[in-house]
Asks: 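The structure is given below, and queries will be raised subsequently.
This is a predicted model, so every value here is computed, not measured.
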Amino acid sequence: MGKQFWRPGNMLYPVPAVMVSCQRPGEKPNIITVAWTSTSCSSPAMISISVRPERYSYDIIKETGEFVVNLVSEDLVFASDYCGVRSGRNVDKYKEMRLTPSESRTISAPGIEESPVNIECKLVQTIHLGSHDLFLGEVTGVNVDDRFLDENGKLCLDKAGLTVYSHGEYYGLGKKLGTFGYSVARRKTKSGSQGAGKSGELRTGKGGELRTGKNTEPRTGKDSELRTGKGGEPQTRKNREHRADKGRKRRK
């Protein structure tokens with residue numbers, strides 16, 4: 001297996017292609033599809049989007065200082081593609097795609113009612129990069145479709161049918177492969193206790209360091225296999241019996 005060396009380019013895929021909505025006061029709302037987007041900070045929550053200065057939405061976002069990031073489900077893929085290749089200067093994208101503007105709680109720009117999650121943002125910084133400018137927005141509120149909440153109020157985005165964009169193509173998400181931190185989590189045994197069920201499986205010890213099922217339990221009940229005695233030295237059954245005999249002789 002070999003590898004080829006390519007010139008610099010955008011190969012960070014897949015990425016979420018989101019629909020970003022914005023609006024000037026007194027004008028129709030607009031939607032631009034953005035693939036260059038990312039979570040930028042956890043506290044305060046921030047999202048970045050990169051937009052070319054020649055795009056119709058660029059001036060709207062810069063002037064109003066606000067925008068909404070709308071996640072794209074499989075039902076919205078066609079609309080998201082359309083909103084990425086048609087300009088709001090010429091068409092009303094909400095009307096053409098039969099989308100519904102939804103009222104935001106913290107800003108004036110509307111969201112998209114059909115989107116499972118609408119993330120309201122206020123612009124805090126604009127960074128000039130090159131072909132694109134990066135808009136850094138602080139999240140001021142999130143609207144979530146309650147169809148994707150379980151009985152405990154947990155958001156189950158795996159049921160929303162979200163999509164990703166990869167090198168010019170759209171894909172649905174595949175099967176779940178793990179959860180955050182599962183590589184170092186202690187595993188449950190059949191009895192319900194925590195531990196490594198098989199030799200070699202990862203477990204965490206004190207302080208979170210990794211241990212394996214092979215060396216987690218140094219003591220065994222078999223002849224000649226290692227057990228730890230007083231002071232931590234290894235000993236065998238024969239050694240233990242010999243030491244017991246010596247102890248009896250001293251007492252006599």
Side-chain angles (χ1 to χ4, degrees), residues 12-22 31 33-49 66-80 83 99-107 109-122 124 135-166 170-198 201-210:
L12 182 60
Y13 292 112
V15 293
V18 298
M19 301 170 77
V20 177
S21 50
C22 54
I31 303 168
T33 299
V34 175
W36 302 162
T37 181
S38 175
T39 295
S40 303
C41 186
S42 298
S43 181
M46 290 188 177
I47 289 179
S48 64
I49 60 171
E66 55 186 36
F67 57 92
V68 181
V69 174
N70 304 275
L71 300 191
V72 175
S73 61
E74 293 182 8
D75 294 338
L76 290 172
V77 169
F78 184 88
S80 70
C83 292
L99 298 174
T100 309
S102 60
E103 184 177 356
S104 298
R105 297 283 189 92
T106 62
I107 60 177
I112 299 173
E113 184 65 34
E114 290 77 10
S115 170
V117 178
N118 319 107
I119 307 171
E120 302 173 14
C121 300
K122 287 187 177 179
V124 296
F135 290 140
L136 183 63
E138 181 173 347
V139 177
T140 56
V142 180
N143 297 295
V144 178
D145 191 328
D146 56 17
R147 291 180 300 165
F148 305 114
L149 300 177
D150 66 13
E151 62 275 8
N152 298 315
K154 177 185 175 183
L155 178 59
C156 303
L157 278 178
D158 56 308
K159 301 183 185 304
L162 297 180
T163 60
V164 294
Y165 176 80
S166 182
Y170 304 99
Y171 295 90
L173 297 182
K175 65 179 181 179
K176 183 175 79 171
L177 302 177
T179 56
F180 177 76
Y182 85 103
S183 61
V184 295
R186 300 183 69 176
R187 302 176 187 274
K188 286 188 176 182
T189 62
K190 290 182 179 180
S191 62
S193 60
Q194 300 288 338
K198 294 180 180 179
E201 289 186 349
L202 291 176
R203 295 177 60 175
T204 53
K206 278 188 177 180
E209 72 278 5
L210 292 178

Asks: Rounded to the nearest 0.5 Å, what's the gap from SG on C22 to CZ on F135? Could you check?
Replies: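 Reported to 0.5 Å precision, the distance equals 9.5 Å.
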Asks: Could you tell me which non-hydrogen atom of A109 sits nearest to which non-hydrogen atom of E66, and how far apart they are?
Replies: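 Nearest heavy atoms, A109 then E66: N-OE2, 2.9 Å.
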Asks: Roughly how far, to the nearest 0.5 Å, is CD1 of I107 from SG of C121?
Replies: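 With rounding to 0.5 Å, SG (C121) is 7.0 Å from CD1 (I107).
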Asks: Answer yes or no: are there more than 12 heavy-atom neighbours, outside F78 itself, under 6.0 Å from its atom CZ?
Replies: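 12 or below, so no.
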Asks: Report the C-alpha distance between S40 and L136 in whole Å, list the side-chain angles of each, state the deciding distance to 0.1 Å, and finish with yes or no for side-chain contact (heavy atoms from CB on, under 4.5 Å).
Replies: CA-CA 8 Å; S40 303; L136 183 63; 3.8 Å; yes
Asks: Could I get the full list of side chain to side chain donor-acceptor pair (under 3.5 Å) partners for E114, not counting sequence neighbours?
Replies: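 For E114 the side chain to side chain donor-acceptor pair (under 3.5 Å) partners, ignoring immediate neighbours, are T100.
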Asks: Excluding sequence neighbours, so at least two apart, what forms ring pair (Phe, Tyr, Trp, His ring centres under 6.0 Å) with Y165?
Replies: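 Ring pair (Phe, Tyr, Trp, His ring centres under 6.0 Å) list for Y165, sorted by chain: Y170.
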Asks: Under 3.5 Å, side chain of S21 to main-chain N/O of P110, donor-acceptor pair present?
Replies: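 Flag set: sc S21 to bb P110 pair under 3.5 Å.
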Asks: Not counting sequence neighbours, which residues clear side chain to side chain contact (heavy atoms under 4.5 Å, CB included) with V164? List them please.
Replies: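 For V164 the side chain to side chain contact (heavy atoms under 4.5 Å, CB included) partners, ignoring immediate neighbours, are P14, Y171, L173.
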Asks: In chain order, what residues pass the side chain to side chain contact (heavy atoms under 4.5 Å, CB included) check against S43, with sequence neighbours excluded?
Replies: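 Applying side chain to side chain contact (heavy atoms under 4.5 Å, CB included) to S43 gives none.
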Asks: With sequence neighbours excluded, what pairs up with D75 under the salt bridge (Lys or Arg N to Asp or Glu O under 4.0 Å) test?
Replies: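 Partners of D75 by the salt bridge (Lys or Arg N to Asp or Glu O under 4.0 Å) criterion come out as none, since no residue qualifies.
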Asks: As an exercise, state the distance from CH2 of W36 to CG of L12, rounded to the nearest 0.5 Å.
Replies: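 Reported value, rounded in 0.5 Å steps: 8.0 Å.
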Asks: With side-chain contact (heavy atoms from CB on, under 4.5 Å) as the test, pick out the partner of C83 among I112, V72, T33.
Replies: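 By the side-chain contact (heavy atoms from CB on, under 4.5 Å) criterion, C83 pairs with just one of I112, V72, T33: T33.
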Asks: Could you check whether any side-chain heavy atom of S104 comes within less than 4.5 Å of a side-chain heavy atom of V68, counting everything from C-beta outward?
Replies: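 Yes, at least one pair of side-chain atoms sits under 4.5 Å.
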Asks: Kindly write out the residues that satisfy side chain to side chain contact (heavy atoms under 4.5 Å, CB included) with S38, not counting sequence neighbours, or none if the list is empty.
Replies: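 By the side chain to side chain contact (heavy atoms under 4.5 Å, CB included) rule, S38 matches S48.
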Asks: Starting at CE of M46, measure out to SG of C41 and round the result to the nearest 0.5 Å.
Replies: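 Output value for this atom pair is 5.5 Å.
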Asks: Please list, chain by chain and in numerical order, all residues satisfying ring pair (Phe, Tyr, Trp, His ring centres under 6.0 Å) with F67, sequence neighbours excluded.
Replies: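 Result, ring pair (Phe, Tyr, Trp, His ring centres under 6.0 Å) vs F67: none returned.
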Asks: List for me each residue that meets side chain to side chain donor-acceptor pair (under 3.5 Å) alongside N118, sequence neighbours excluded, and say none if there are none.
Replies: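 By the side chain to side chain donor-acceptor pair (under 3.5 Å) rule, N118 matches N70.
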Asks: Counting only N and O atoms by type, is there a donor-acceptor contact under 3.5 Å from the side chain of E120 to the main-chain atoms of R105?
Replies: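 Pair found, side chain donor or acceptor close to backbone of R105.
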Asks: If you look only at distance, which donor and acceptor atoms sit under 3.5 Å apart when one is on a side chain in residues 150-160 and the other is two or more places apart or in another chain?
Replies:
unit_1, atom_1, unit_2, atom_2, d
D150, OD1, N152, N, 2.9
D150, OD1, G153, N, 3.0
D150, OD1, K154, N, 2.8

Asks: Using the side chain to side chain contact (heavy atoms under 4.5 Å, CB included) criterion, which residues pair with T37? Sequence neighbours excluded.
Replies: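 P16, V18, V34, I47, I49.
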Asks: Going by side chain to side chain donor-acceptor pair (under 3.5 Å), name the residues that satisfy it together with T140, two or more places apart in sequence or in a different chain.
Replies: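 Residues passing side chain to side chain donor-acceptor pair (under 3.5 Å) with T140: T106.
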Asks: If we ignore hydrogens and angles and just use 3.5 Å, is the side chain of S115 paired with the main-chain N or O of L71 as donor and acceptor?
Replies: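 Such a contact is found between S115 side chain and L71 backbone.
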Asks: Which distance, rounded to the nearest 0.5 Å, do you find between the OG1 of T163 and the CG of L76?
Replies: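 The CG atom of L76 is 8.0 Å from OG1 of T163, to the nearest 0.5 Å.
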